[in-house]
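Just below is one structure, and these are the notes that go with it.
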Amino acid sequence: MTTANLLDFDLEGLAAFCERLGEKRFRATQLFRWIHQRGASDFAQMTDLAKSLREKLATAARVEALPVITQHESADGTIKWLFDVGDGNAVEAVFIPEDDRGTLCVSSQAGCAVGCRFCSTGHQGFSRNLTTGEITAQLWFAEHFLRKHLGRAERVISNVVMMGMGEPLQNYAALVPALRTMLDDNAYGLSRRRVTVSTSGVVPMIDRLGGDCPVALAVSLHAPNDALRDDLVPLNRKYPIVELLEACKRYLAHAPRDFITFEYCMLDGVNDQPEHARQLLDLVRSAGVSCKFNLIPFNPFPASGLLRSPQPRVLAFAKVLSEAGIVTTVRKTRGDDIDAACGQLAGDVKDRTHAAERMAQRRTVILHPASRQAATPTAEEQ
Ligand code: SAH
Ligand code: SF4
């Protein structure tokens, strides 16, 4: 008999599972606390559960983490894990400690089908969606490992960002129960403001998330006009910027924060001119979206053919936005020495969609030195 992995369930799902075992639903709460609050995986340890229930669980269920392939710790305390998800696929999670918080960056898919030009996961193509259990297992493992590793009795991870490998809103059905477990007071008890879903702009799913499980939303914008965004984030061809901004506005009615965070990866000579910043201002003002900008220094990898914008240009760009009254931050890069920074999460992906091949054949943005750069870069067929 195949057993159920209890990491696949949010509390509601676990209660339904307990009922199927002929148990009262409230037993699920005790079980859920053992698993997520105490990190237990052995039912024999769960001494306040009736012996008969423990025996049933031992035959019908398991709590199974993902095998760790590698763990790297950076000089700045960042820790990156590579997890085996079977069949030649591996995904990464990254813990980023800061003075006032501990953030875990979690993956949602093995690879990604969106294929953004500047993203190393995108260049690897897509293999498959992670299950709820595989998403939750990253947090379960990291939290309980870190408590032991750092000798802490209380919670270590205070924030989760769905900014690892994959497009979370293209794996919606598995994502939502995992988010609910993160938020549940009987599990990790994270506040909605401290759980962030980052998306490249899957418009219908932004709407659904607002209704089903509103958490903080980050939108990867990266360009101030459709011509440029079509090229950098191919999903823009399906959901252009105006539609995306309308969805952001609708989301704000549900969001736990009163702004959307726009992420903007600064690419040398591509999207980093003051003119682009002014276009962004026009865009968000005319859409009336309350927002913050987070400028991300591009983490280069050779296949991208792109370069990081020089710091003075990033600061000049930030100045245009902040002088117009928009809160703008420049992301610190963390874990550089272990390739744990944004967009460097490559894992290992069996590319079932041949996205990587298509990506290599796609037209290439011809980069001009910044001084000669027009607002929209010239694109030519290879
Ligand atoms: N698919 C989702 C979440 C994962 S990517 C999304 O695109 O939002 C998380 C963030 O890292 C996104 O903002 C993405 O644009 C950014 N990113 C991807 N590749 C990067 C790179 N090479 N350098 C810097 N940021 C990158
Ligand atoms: Fe996918 Fe996000 Fe990378 Fe784009 S940036 S390819 S959506 S993971």
Side-chain angles (χ1 to χ4, degrees), residues 91-94 96 103-130 135 138 160-172 175 195-203 205-206 209 215-223 228-239 244 248 260-268 270-272 292-309 314 329-336 339-347 349 351 353 355-356 358-359 362:
V91 300
E92 291 175 322
V94 181
I96 306 142
T103 302
L104 188 71
C105 177
V106 170
S107 293
S108 57
Q109 298 180 311
C112 181
V114 177
C116 299
R117 177 178 291 284
F118 50 83
C119 172
S120 128
T121 307
H123 276 253
Q124 286 204 312
F126 176 71
S127 181
R128 70 168 173 86
N129 281 329
L130 298 187
I135 298 172
Q138 297 170 58
V160 170
V161 292
M162 296 302 306
M163 292 186 188
M165 296 169 69
E167 170 46 60
L169 295 188
Q170 286 188 338
N171 185 15
Y172 190 80
L175 173 73
V195 174
T196 301
V197 167
S198 174
T199 180
S200 55
V202 191
V203 164
M205 294 301 154
I206 293 177
L209 188 68
V215 291
L217 186 69
V219 170
S220 295
L221 198 54
H222 308 309
L228 186 50
R229 195 164 191 270
D230 280 354
D231 192 64
L232 295 174
V233 183
L235 192 66
N236 196 68
R237 297 172 203 162
K238 195 161 182 195
Y239 305 114
L244 177 56
C248 290
I260 303 286
T261 302
F262 288 126
E263 293 162 280
Y264 196 97
C265 182
M266 299 292 290
L267 303 166
D268 184 19
V270 175
N271 64 352
D272 62 350
K292 289 188 179 174
F293 270 87
N294 189 5
L295 306 182
I296 314 174
F298 172 57
N299 293 305
F301 57 99
S304 71
L306 298 164
L307 298 171
R308 179 183 286 192
S309 302
V314 177
T329 51
V330 179
R331 187 177 291 172
K332 281 184 281 180
T333 48
R334 295 288 305 263
D336 259 352
D339 280 356
C342 291
Q344 289 182 324
L345 304 188
V349 173
D351 182 8
T353 57
R358 287 200 310 276
M359 184 92 100
R362 263 177 50 192

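Ligands are counted one by one from 1 in listed order, and the atoms in each one are counted from 1 as well.
- Against a heavy-atom cut-off of under 4.0 Å, Thr199 is close to the following atoms of ligand 1: 6 (C), 8 (O).
- Side-chain contact annotation: Gln109 with Asn171, donor-acceptor N/O pair under 3.5 Å absent.
- Below 4.0 Å from some heavy atom of Met162 lie the following atoms of ligand 1, by number and element: 3 (C).
- Near Cys265, with a cut-off below 4.0 Å to any heavy atom, the atoms of ligand 1 are 23 (N), 24 (C), 25 (N).
- The residue among Arg117, Met163, His123 with a heavy atom at the shortest distance from atom 9 (C) of ligand 1 is Met163.
- Atom-to-atom distance recorded for Leu169:CG and Ser108:OG is 8.5 Å, nearest 0.5 angstrom.
- Shown in contact with Ser200 at under 4.0 Å from a heavy atom are these atoms of ligand 2, numbered in order with element: 7 (S).
- Counted by atom type alone, Ser198 and Glu263 present one or more donor-acceptor pairs between their side chains at under 3.5 Å.
- Remark: ligand 1 and His222 share an N or O pair separated by less than 3.5 Å (distance only, no angle test).
- Counting protein heavy atoms only, atom 1 (Fe) of ligand 2 is closest to Cys112 SG, 2.3 Å.
- A distance of 14.0 Å separates CG in Asn129 from OH in Tyr172, rounded to the nearest 0.5 Å.
- Considering CG of Leu232 and CG of Leu306, their distance stands at 7.5 Å, rounded to 0.5 Å.
- The nearest protein atom to atom 4 (Fe) of ligand 2, hydrogens excluded, is given as Cys116 SG, 2.4 Å; this is a heavy-atom distance.
- If you look at Phe262 and Phe293, their ring centroids are closer than 6.0 Å.
- Near Gly122, with a cut-off below 4.0 Å to any heavy atom, the atoms of ligand 2 are 6 (S).
- At least one N or O atom of Asn299, backbone or side chain, sits closer than 3.5 Å to an N or O atom of ligand 1.
- Within ligand 2, the atoms closer than 4.0 Å to a non-hydrogen atom of Gly115 are 6 (S), numbered from 1 in the order shown.
- With a 4.0 Å heavy-atom cut-off, ligand 1 is reached by the backbone of Cys119 and by its side chain too.
- With a 4.0 Å cut-off on non-hydrogen atoms, Ile296 touches ligand 1 through its side chain and not its backbone.
- Between Asp272 atom CG and Leu267 atom CG the span is 7.5 Å, to the nearest 0.5 Å.
- Note: an N/O pair closer than 3.5 Å links Phe118 and ligand 1 by distance alone.
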Given Glu167 and Thr199, is the side-chain hydrogen bond (donor to acceptor under 3.5 Å, both in side chains) satisfied, shown in steps?
CA-CA 6 Å; Glu167 170 46 60; Thr199 180; 2.8 Å; yes
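- Of the candidates Gly166, Ser198, Pro234, Gly166 brings a heavy atom nearest to atom 2 (Fe) of ligand 2.
- A salt bridge is absent between Arg308 and Asp268: the closest approach of a Lys/Arg side-chain nitrogen to an acidic carboxylate oxygen does not fall below 4.0 angstrom.
- Among all non-hydrogen protein atoms, the one lying nearest atom 3 (Fe) of ligand 2 is Cys119 SG, 2.4 Å.
- Considering only non-hydrogen atoms, atom 1 (N) of ligand 1 lies nearest to Gly166 out of Ser198, Ser220, Gly166, Ser200.
- Contacts of Glu263 with ligand 1, taken as heavy-atom pairs under 4.0 Å, involve the side chain alone.
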